[in-house]
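Per chain, numbering begins at 1; letters A, B, ... match sequence-line order. Atom set for the values below is all heavy atoms of this structure, side chains included, hydrogens, waters and symmetry mates excluded.
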Protein chains: 2
Amino acid sequence: MVSHSPIQKSASEIPEEIAGLRMTRQRQEIYRLLIEHRDHPTANEVFMRAKDQLPNISLATVYNCLEALVQHGIIRQVNFERESSRYCPNLREHGHFHDAMTGVIHDVDFKPGVNLSDVLDLPPGAVIEDIEITLRGKLIAS
Amino acid sequence: MVSHSPIQKSASEIPEEIAGLRMTRQRQEIYRLLIEHRDHPTANEVFMRAKDQLPNISLATVYNCLEALVQHGIIRQVNFERESSRYCPNLREHGHFHDAMTGVIHDVDFKPGVNLSDVLDLPPGAVIEDIEITLRGKLIAS
DNA sequence: CCGATATCAAGAATTATTCTAATTATCGTT
DNA sequence: AACGATAATTAGAATAATTCTTGATATCGG
């Protein structure tokens, strides 16, 4: 009793292919959902949300889709300590601030013109392929 | 058949208490080992090394000790993506560069005088309690 | 030395994630 | 539109790191 309809993009405006990745119904829905509420959900949170639109989706598929999207550079995987991975459609180079009180995660941009090698004492010859900056703290009412 | 001898520190020069944490034989050995080769071992690597001196030590104890040391700010726990946690006795505020070719992890210091808020666009009112900066890349012979 | 408390050890339990195998969908070709 | 090839999805089993549980040991203060 699974839908046999072809990929539908009309409502969501998500194309049939992104960065060489075929956007199946499931990938589309997961991507749409990440874009629509950008609150850095875990795979399991994505799974629960996706079930509204795709009641038959499985958690394995959510993991598969998230991995495919990450591999193709369409979304980013974010890790905090040893917690479940979270997923983020913001492709700008940025870090994350994790509010320990509320659990809310804020994207943190670099100030314009900042160059990593001005800030960090990198080993000579280091070619950076990926950066992960995560901050944990409190947000004080100011 | 477990040793009943009291804490011995003579050889290692590690005091009986650090930062309010009682340095038992196991904690002492684990700490010594981290200081002696600073290669960011995993809990399991620490376990294997610790067995040379403490053949009866258990993996659970290694985890307990590492956690106690981390909780008391004596060592730091370092995470790369979803890999096993690694442990590091370097308490300076620093990041890590993970050489994807060799797997070697290099400590990366901040350049002197750098202030995080000059570099990052932090949310207003953010009070940072912990920073984790991890870089992944290659080391090119220069 | 004695009881109270902390630590340790062994193995079971947990949890996020990955793997496996079978089904289903899609694509390019007729 | 049907066909075979390939890719994606599903459900559930398997894995791996870590945490928990419970009983034994060790240490501390008196």
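In this structure, the CD atom of B:Gln26 is 5 Å from the P atom of C:dC8, given to the nearest Å. Note: CD (A:Glu29) to C1' (D:dT9) measures 15 Å, nearest angstrom. Going from atom CG of B:Leu69 over to atom C1' of C:dA6 covers 15 Å, rounded to whole Å. Taking atom CG of residue B:Leu54 and atom P of nucleotide C:dC8, one finds them 10 Å apart after rounding to whole Å. One atom, CD of A:Glu17, and another, P of D:dA7, lie 13 Å apart when rounded to the nearest Å. The CD atom of A:Glu45 sits 11 Å away from the P atom of C:dT17 (whole-angstrom rounding). In this structure, the CG atom of A:Leu66 is 11 Å from the P atom of D:dT9, given to the nearest Å. Whole-Å rounding puts the B:Gln28 CD to C:dT7 C1' distance at 14 Å.
Applying the 4.0 Å criterion to OP1 and OP2 of C:dA9, one finds that B:Thr61 has a side-chain N or O inside that range. At the phosphate of C:dT26, neither OP1 nor OP2 sits under 4.0 Å from any side-chain N or O atom of A:Thr24.
Using a 4.0 Å cut-off between charged nitrogen and carboxylate oxygen, B:Glu132 and A:Arg136 do not count as a salt-bridge pair.
Under the 3.5 Å distance criterion, with hydrogens and angles disregarded, a donor-acceptor pair is assigned to the side chains of B:Asp99 and B:Thr102. Residues A:His40 and A:Asp107 have side chains that bring a donor and an acceptor to within less than 3.5 angstrom of each other.
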Letter per nucleotide, 5' to 3', of nucleotides 17-22 of chain D [B base touched, S only sugar-phosphate touched, - untouched; heavy atoms, 4.0 Å]: SBBB--
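With contacts defined as side-chain heavy-atom distances shorter than 4.5 Å, the pair B:His96/B:Leu135 does not qualify.
In this structure, the side chain of B:Arg76 does not engage the main chain of B:Arg86 through any donor-acceptor pair within 3.5 Å. Without hydrogens or angle criteria, A:Lys51 side chain to A:Val46 main chain gives no donor-acceptor distance under 3.5 Å.
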